[in-house]
Amino acid sequence: MGNVTELGDPAALQPRRLSDRMLAHVFAASLDESLAAGCPPESSRLLAARARDIVGLGKRRSLAGHWEHLLRVARRTPPGTWSHARQPAVPVCADEIVAAELVIRDLMTQLTLPLPVPARGVAMARALLTDPRSPVYRRQAAVALTAAVAAATAQLDPALPLMPSTPGLSA
């Protein structure tokens with residue numbers, strides 16, 4: 001009752017191959033980038049496998065926990081005054097992260113709702129944390145952190161179609 005197969009999700013109807021799941025894990029970063037850019041999960045077996053993996057509530061809660069950790073790191077010490085013992089392994093734009101806290105908390109709330117959400121929003125939230133070119137790590141990023149987080153949050157709307165229709169793909 002209420003599972004994706006009953007909703008007619010074409011990716012759910014494909015066999016779940018162990019090799020697809022393993023390859024999706026190996027190529028996670030590039031698959032997340034494709035999903036975040038709007039590639040439909042049903043367009044390939046690897047994208048479908050990656051989408052199935054990241055939209056699970058447990059994975060989304062874990063991702064929200066990583067965002068919480070980022071907020072703690074950013075608040076720990078003002079920028080430019082990190083001691084060696086307290087310096088993060090990868091420098092972050094602490095002041096921008098703290099300034100974006102409200103939208104980050106909204107993102108975390110959306111990630112932890114027990115409702116199905118589109119893979120695109122989850123992939124966008126993951127990419128912000130894992131891509132060294134993201135505004136979490138670079139002040140000169142193409143988009144401001146607040147705007148990037150708000151865009152990811154908007155894509156987590158449970159009212160959005162989980163599998164957007166794509167011209168040229170058969171259901």
Side-chain angles (χ1 to χ4, degrees), residues 20-41 43-44 46-158 160 162 164:
D20 290 345
R21 291 194 315 262
M22 290 172 57
L23 286 171
H25 180 74
V26 169
F27 296 109
S30 66
L31 293 170
D32 285 352
E33 188 175 312
S34 294
L35 289 167
C39 274
S43 63
S44 82
L46 291 184
L47 279 174
R50 183 63 183 161
R52 273 193 299 269
D53 182 44
I54 65 174
V55 298
L57 186 56
K59 293 282 176 112
R60 291 188 284 132
R61 284 181 176 157
S62 176
L63 180 57
H66 291 299
W67 278 100
E68 179 65 44
H69 176 74
L70 179 69
L71 284 171
R72 281 195 310 270
V73 167
R75 274 192 255 105
R76 195 172 12 187
T77 307
T81 61
W82 296 101
S83 69
H84 257 317
R86 297 183 71 178
Q87 186 172 1
V90 177
V92 296
C93 299
D95 55 340
E96 293 184 27
I97 294 165
V98 170
E101 183 169 358
L102 289 177
V103 292
I104 291 172
R105 294 230 174 257
D106 190 30
L107 172 74
M108 292 165 50
T109 298
Q110 288 296 112
L111 284 168
T112 57
L113 289 176
L115 299 169
V117 297
R120 183 176 186 189
V122 180
M124 290 170 75
R126 289 181 57 80
L128 285 169
L129 287 179
T130 59
D131 185 347
R133 300 166 296 175
S134 91
V136 167
Y137 308 104
R138 292 192 61 204
R139 293 187 191 288
Q140 300 82 17
V143 64
L145 180 60
T146 302
V149 172
T153 303
Q155 290 299 318
L156 289 168
D157 184 349
L160 290 174
L162 297 179

> Out of curiosity, Q155 CD to L35 CG, how far, rounded to the nearest 0.5 Å?
Replying inline: 11.5 Å
> Which residues pass the side-chain contact (heavy atoms from CB on, under 4.5 Å) test with A150, sequence neighbours left out?
Replying inline: none
> Which atom pair, heavy atoms only, marks the closest approach of L63 to A125?
Replying inline: CD2-CB, 3.9 Å
> Hey, are the side chains of C93 and R139 touching, using non-hydrogen atoms and a 4.5 Å cut-off?
Replying inline: yes
> Of all heavy-atom pairs between A36 and A123, which one has the smallest distance, and what is that distance?
Replying inline: N-CB, 3.7 Å
>> Show every side chain to side chain donor-acceptor pair (under 3.5 Å) that has at least one partner inside residues 106-128, sequence neighbours left out.
In response: D32-R126
>> Determine whether V117 and L160 satisfy the following criterion, side-chain contact (heavy atoms from CB on, under 4.5 Å), listing intermediate values before the conclusion.
In response: CA-CA 8 Å; V117 297; L160 290 174; over 6 Å; no
> If you look at every heavy atom in A119 and V55, which pair is closest and at what distance?
Replying inline: CA-CG1, 3.5 Å
> Among L115, L107, L113, which residue meets the side-chain contact (heavy atoms from CB on, under 4.5 Å) test with L156?
Replying inline: L107
> With a 4.5 Å limit on heavy-atom distance, are the side chains of T153 and M124 in contact?
Replying inline: no
>> Applying side chain to side chain donor-acceptor pair (under 3.5 Å) as the test, list every pair that has at least one member in residues 53-68; sequence neighbours left out.
In response: R50-D53, D53-K59, E68-R105
>> With rounding to the nearest 0.5 angstrom, report the OG to CG distance, S44 to L31.
In response: 6.5 Å
> How close do A24 and A49 get, heavy atom to heavy atom, and via which atoms?
Replying inline: CB-CB, 3.9 Å
> With S134, which residues qualify under side-chain contact (heavy atoms from CB on, under 4.5 Å), at least two apart?
Replying inline: L128, D131, V136, Y137
>> Tell me whether the count of non-hydrogen atoms from other residues, nucleotides or ligands lying under 6.0 Å of CG in L57 goes above 12.
In response: yes
> Could you state the interatomic distance from CG (L46) to CG (D20), rounded to the nearest 0.5 Å?
Replying inline: 5.5 Å
> For V26, which residues count as a side-chain contact (heavy atoms from CB on, under 4.5 Å) partner, sequence neighbours excluded?
Replying inline: none
>> Tell me every residue that passes side-chain contact (heavy atoms from CB on, under 4.5 Å) with A100, counting only those two or more places apart in sequence or in another chain.
In response: V103, I104, L145, T146
>> I'd like to know if the side chain of S34 reaches the main chain of S30, judged simply by a donor and an acceptor atom lying under 3.5 Å from each other, with no hydrogens or angles considered.
In response: yes
